[in-house]
Amino acid sequence: MRRVALIGRPLRRRHSQIMHDAAFRHFGIDAHYELAEIEPGEVAGFVAATRAPEWFGFQITAPYKQDVVAHLDEVEGPARAIGAVNSVVRRDDGALVGFNTDAPGFIAAVRGAGVGTAGIRAVVAGAGGAARAVVWGLLDAGAAEVVVVNRTRERAEALAEAMADLGRVTALAAGDPAVAQALSECGMAVNATTVGMTTPGTAFDVSLLPEDAAVFDLVYVPPVTELVEAATRRGLVTRNGLDMLVAQAEIAFARWTGIADAGPVMRQALEAWDGLESGQA
Ligand code: NAP
């Protein structure tokens with residue numbers, strides 16, 4: 001049996017396991033997605049073990065997205081620029097290559113919603129790993145400007161500085177009066193904070209957006225956040241984080257198995273899973 005795994009601590013979600021195991025079954029691949037809640041001291045040993053031929057690769061969540069890099073043979077350019085490796089593929093020669101699925105997963109979700117990115121102005125709330133992937137993805141997809149809004153201004157500034165070579169990125173603190181103007185002029189607003197998931201409320205005021213703006217919430221538990229609800233009520237094109245979650249899983253699966261169209265099977269499995277609505281770990 002071939003193996004893939006998710007390493008992190010604590011591991012609260014089984015969404016990836018549900019999606020990948022369904023795809024392995026559907027495509028007749030004898031493999032399993034394991035949840036490996038490991039201690040910091042176990043990271044090096046775990047990664048070394050995945051050089052064995054039974055492994056396709058593995059995925060990484062908090063707090064190991066940085067730690068893992070030192071143990072890999074290669075990190076692809078986008079993952080390096082984003083500063084987060086969330087997936088690893090084991091090449092046939094046993095080399096471990098780190099990559100990031102969040103940036104292409106987000107852009108795939110945007111395209112799936114029929115929303116264009118060339119020349120747009122976007123507001124991205126958040127400055128963590130997900131926000132970095134979204135900003136990189138938007139700039140790579142031709143956005144004219146990205147305004148990063150974050151509760152902690154210094155983190156927004158660090159993100160803007162890290163991406164400055166790629167395009168126009170402005171950093172604002174969440175309470176800055178300039179946020180309202182940025183929202184009123186943007187074509188897309190993205191929530192890449194945990195607001196709506198861990199805390200109630202919305203990361204930005206949907207009522208300020210133009211009528212043709214699109215709203216993307218990266219949160220997928222609960223499936224209908226206050227943000228998605230407010231954007232839907234306004235008649236804006238809006239998506240929760242499920243499209244991105246499925247798209248990024250499809251990308252990892254393709255890198256591991258060569259099968260590029262696992263998305264629909266993965267989505268079906270998620271929707272049939274009774275843990276989705278409840279946010280079950
Ligand atoms: P992270 O690195 O921990 O960053 C969290 C972000 O949320 C930071 O910008 C933080 O601001 C902000 N934040 C936290 N609590 C806040 C509050 N009460 N008010 C305002 N801002 C607050 O997390 P991440 O990995 O980037 O993930 C962010 C979100 O994206 C999560 O909900 C995650 O589930 C989601 N996500 C979804 C997908 C998908 O496929 N759909 C993929 C990746 C992530 P400070 O800097 O001020 O602390």
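Side chains included, hydrogens not; waters and symmetry mates left out as well; all remaining heavy atoms used. Sequence positions, counted from 1, serve as the residue numbers for this chain.
The 12-atom threshold is not exceeded at CZ of R168, counting heavy atoms of other residues, nucleotides or ligands nearer than 6.0 Å. Counted within 6.0 Å of CD on Q181, heavy atoms from surrounding residues, nucleotides or ligands total 12 or fewer; the atom is thus considered open. The environment of E161 atom CD is sparse: at most 12 non-hydrogen atoms of other residues, nucleotides or ligands sit within 6.0 angstrom.
Side-chain contact between I29 and T257 is present, with heavy atoms from C-beta onward closer than 4.5 Å. No side-chain heavy atom of D140 sits under 4.5 Å from any side-chain heavy atom of L166. With contacts defined as side-chain heavy-atom distances shorter than 4.5 Å, the pair T194/V219 does not qualify. A 4.5 Å side-chain heavy-atom check between L72 and V47 finds at least one atom pair inside the cut-off. Side-chain contact between E145 and T170 is present, with heavy atoms from C-beta onward closer than 4.5 Å. The shortest side-chain heavy-atom distance between H71 and V43 falls under the 4.5 Å cut-off. Residues H20 and F24 meet the side-chain proximity criterion, which asks for heavy atoms closer than 4.5 Å.
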Practice problem: Before giving the answer on side-chain contact (heavy atoms from CB on, under 4.5 Å), spell out for I38 and R9 the whole-Å C-alpha distance, their side-chain angles and the decisive distance to 0.1 Å. | Solution: CA-CA 6 Å; I38 60 175; R9 187 181 146 80; over 6 Å; no

Exercise. Could you give me the CA-CA distance, side-chain angles and deciding distance for I7 and T61, then say whether side-chain contact (heavy atoms from CB on, under 4.5 Å) is met?
Key: CA-CA 6 Å; I7 63 167; T61 188; over 6 Å; no

Practice problem: Test salt bridge (charged side-chain N to carboxylate O under 4.0 Å, His left out) on R91 and E74 and set out the steps. | Solution: CA-CA 11 Å; R91 274 199 324 233; E74 238 176 77; 3.0 Å; yes

Exercise. Begin with the C-alpha distance, continue with both residues' side-chain angles, and end with the deciding distance and a verdict on side-chain contact (heavy atoms from CB on, under 4.5 Å) for R14 and L35.
Key: CA-CA 8 Å; R14 282 184 53 209; L35 299 176; 3.6 Å; yes

Exercise. Using the side-chain contact (heavy atoms from CB on, under 4.5 Å) rule, take L139 and M163 through it: C-alpha gap first, then chi angles, then the decisive distance, then the call.
Key: CA-CA 9 Å; L139 294 171; M163 306 278 164; 4.0 Å; yes

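Linking Ile, Leu, Val, Met, Phe, Trp and Tyr residues whenever their side-chain heavy atoms come within less than 4.5 Å places V221 and L6 in a single cluster. Taken together through direct or relayed side-chain contacts under 4.5 Å among Ile, Leu, Val, Met, Phe, Trp and Tyr, M188 and L209 form parts of separate hydrophobic clusters. The hydrophobic cluster containing I60 also contains V75, counting ILVMFWY residues as joined when their side-chain heavy atoms lie under 4.5 angstrom apart, directly or transitively. M244 and V190 fall within a single hydrophobic cluster, where Ile, Leu, Val, Met, Phe, Trp and Tyr side chains are chained together by heavy-atom contacts under 4.5 Å. Taken together through direct or relayed side-chain contacts under 4.5 Å among Ile, Leu, Val, Met, Phe, Trp and Tyr, F46 and L11 form parts of separate hydrophobic clusters.
Residues V88 and G98 come closest through the heavy atom pair CG2-CA, 4.2 Å. Here the shortest heavy-atom pairing between V115 and A214 reads CG2-CB, 3.8 Å. Contact between F216 and A109 at its shortest, heavy atoms only, is CE2-O, 4.1 Å. The minimum heavy-atom distance linking V206 with A231 is given by the pair CG1-CA, 3.7 Å. Heavy-atom minimum distance, G129 versus I82: O-CG2, 4.4 Å. The shortest non-hydrogen separation linking P210 to C186 is CG-O, 3.2 Å.
Ring planes of H15 and Y220: perpendicular class, angle over 60° (limits at 30 and 60°).
For the atom pair CD1 of I259 and CZ of F253, the computed distance is 5.0 Å after rounding to the nearest 0.5 Å. Interatomic distance, I107 CD1 to W136 CH2, rounded to the nearest 0.5 Å: 9.0 Å. The CG atom of L183 sits 11.0 Å away from atom CZ of R121, with the distance rounded to the nearest 0.5 Å. Distance CZ/R3 to CZ/F58: 12.5 Å, rounded to 0.5 Å. One distance of note links OG1 of T193 with CZ of F204; it measures 8.5 Å at 0.5 Å rounding. Atom CD in E157 sits 10.5 Å away from atom CG in N150 (nearest 0.5 Å).
Formation of a donor-acceptor pair under 3.5 Å by the T225 side chain with backbone atoms of V228 is found in this model. Under the 3.5 Å distance criterion, the side-chain polar atoms of W55 are left unmatched by any main-chain donor or acceptor of V89. At least one donor-acceptor pair closer than 3.5 Å links the side chain of N240 to the backbone N or O of P223. Proximity of a side-chain donor or acceptor of Q248 to a complementary backbone N or O of L245 within less than 3.5 Å is detected. A donor-acceptor pair is defined here as one N or O able to donate and one able to accept, closer than 3.5 Å; no such pair exists between the side chain of Q268 and the backbone of G263. No donor-acceptor pair closer than 3.5 Å links the side chain of D217 to the backbone N or O of G241. Although no hydrogens or angles enter the test, the distance criterion places a donor-acceptor pair under 3.5 Å between the side chain of N191 and the main chain of V195.
Just one residue in the list D102, N100, V97, T101 forms a side-chain contact (heavy atoms from CB on, under 4.5 Å) with S87, and that residue is T101.
Judged purely by distance below 3.5 Å, without hydrogens or angles, the side chains of E226 and T202 never pair a donor atom with an acceptor atom.
Using a cutoff of 4.0 Å between basic side-chain nitrogens and carboxylate oxygens, R267 and D243 are scored as salt-bridged. Under the 4.0 Å criterion applied to side-chain N and carboxylate O atoms, E76 and R80 are not assigned as salt-bridge partners. Under a 4.0 Å N-O distance rule, the pair R51/D73 qualifies as a salt bridge. The pair E54-R2 does not count as a salt bridge, with every side-chain nitrogen at least 4.0 angstrom from each carboxylate oxygen.
Annotation: cation-pi geometry not satisfied between R90 and F56 (NZ/CZ under 6.0 angstrom from ring centroid, within 45° of ring axis).
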